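Keep in mind it's a predicted model, so treat the numbers as computed, not measured.
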2 protein chains.
Amino acid sequence: MRLVLNRELIVHTAVEVVEREGPGGLSMRAVGLELGVTAMAMYRHVPSKDALIEGMAEYVMAALEVSEDEPDDWKAGARELVRAFRAVAHEYPRSLALVLESGTSIPVGLRAIERGLALCDRAGVQGSAAVHVVRSLMAFTLGSQLREAGFTRVLRAQDGDPAEKVRALSPARYPHVVALPDELVDNPPDTDFEFGVELFLSSVEEMGGRTG
Amino acid sequence: MRLVLNRELIVHTAVEVVEREGPGGLSMRAVGLELGVTAMAMYRHVPSKDALIEGMAEYVMAALEVSEDEPDDWKAGARELVRAFRAVAHEYPRSLALVLESGTSIPVGLRAIERGLALCDRAGVQGSAAVHVVRSLMAFTLGSQLREAGFTRVLRAQDGDPAEKVRALSPARYPHVVALPDELVDNPPDTDFEFGVELFLSSVEEMGGRTG
DNA sequence: ACCTGAACACCGTTCAAGT
DNA sequence: ACCTGAACACCGTTCAAGT
């Protein structure tokens, strides 16, 4: 049983380890152990841990399925595109968190960019405006992912009922907050995300002047 | 010259160290050295490194200046609010990066939430819709920050002129990408961000049905 | 050519010991 | 009460040595 080590295998194993053990469980030694090899053996194929994580980012983003079909309409196509990213995020949540945590940039593929620009075109938005739209939607999608992964915290008390805590706030200082305790505490990621996407797309629609 | 150690001082020093040395330069030993104290001495005031980073997140976000004035109109107020967040991000770029990189959640203050909801109210958006709007704008703002800090990478070749590389792509496969080489390579963070904000706000306007 | 062992310079954290 | 020194169990990475 001779094991042939290569970059692909190492990266794949690293993703497995992280999905099983979490971001903290990733070490060169741990990946080596999983492969039945010492940590040093991997330096022949991966120059550093940072490079390994970069490889993981590419591996994960390669799973993004960008449709090539003509969409029913540009809005349906746009929804499909952002949901494809969400699907990847839900398939590799801990690896994606690790990539963000390590400061490694997420490589967005050319096919996704091309698709986004094509959909903008269909919506009647061209040129630099289209680039801005695609980037803005990327920022929103990534930001939503951060929120879902718990990178932002609002009103998240660890002890006691959070809604009760909101109700206990000063209505004079925080009138609008106090009026919406359940809405603020309830935090359904999908609903939030879908809402934001629709908000976004309706703006694009107005911009391009086309309904379909 | 007797030094009185406390949590506030330790957190402040940690922020200083990170802004000077970068996220990688933060270690308990390094912060201790800066204070003329061993790393172990700090464990009396900060239970762990994670807790220290949490403290840094609070320290940084405490710098967010939320206006209490009546805004000229809700749009102007909204622009001011998101720009206040940007100002913080530009004041503590490396600390904010560290907070994101370490997976520590960013504590968004009550005053910012209250302000966001109040502005929604002014725009004619209430209830759970207002909560969704505030959260979406938070996601977008944070995502934009990630993009600016280099957490996402598109068409960012390290060698040669990137615009040339875009032009060298197959026009059959990437027609829209090839048509916009300069727009895609040019990456002005402020312009991108402002564009997205306006896109967002015009949607909110349509939703609430009020111009002012 | 490919992998290992030992070593180096770091970490966060614990805890008995000092003052 | 507050801080230190030594120690423990880890890291990433280098490099001479093995096969």
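Less than 4.0 Å separates DNA chain C from at least one heavy atom of each of the following residues of residues 6-29 of chain A: A:Arg29. For DNA chain C, the neighbouring residues in residues 31-46 of chain B, judged by any heavy atom under 4.0 Å, are B:Met40, B:Tyr43.
Salt bridge status for A:Glu34 with A:Arg20: present, with a side-chain N to carboxylate O gap under 4.0 Å. The existence of a salt bridge linking B:Glu80 and B:Arg83 is excluded, since no basic side-chain nitrogen approaches an acidic carboxylate oxygen closer than 4.0 Å. Comment: B:Glu21 does not engage B:Arg94 in a salt bridge, judged by the lack of any side-chain N to carboxylate O separation of less than 4.0 angstrom.
The CG atom of B:Leu98 sits 4.5 Å away from the CD1 atom of B:Ile53 when rounded to the nearest 0.5 Å.
For the 3.5 Å distance criterion, the side chains of A:Glu19 and A:Ser95 qualify, holding a donor opposite an acceptor. A donor atom on one side chain and an acceptor atom on the other are not found under 3.5 Å apart for A:Gln145 and A:His90. Between the side chains of B:His132 and A:Glu194, no donor-acceptor pair of N or O atoms lies under 3.5 Å.
Using cut-offs of 30° and 60° on the angle between ring planes, the pair A:Phe193 and A:Phe140 is parallel.
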| query | Given A:Ser67 and A:Arg115, is the side-chain contact (heavy atoms from CB on, under 4.5 Å) satisfied, shown in steps? | reply | CA-CA 8 Å; A:Ser67 169; A:Arg115 181 73 171 181; 3.6 Å; yes

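Distance NZ (A:Lys49) to P (D:dC10): 15 Å, rounded to an integer number of Å.
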| query | Can you give the dot-bracket line for DNA chain C, using ( ) for pairs inside the strand, [ ] for pairs that cross earlier ones, | for pairs with another strand and . for unpaired bases, where Watson-Crick and G-U count if both distances are under 3.5 Å? | reply | ||.|||||...|||||.||

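Side-chain contact check for B:His176 versus A:Cys120: every heavy-atom pair is 4.5 Å or farther apart.
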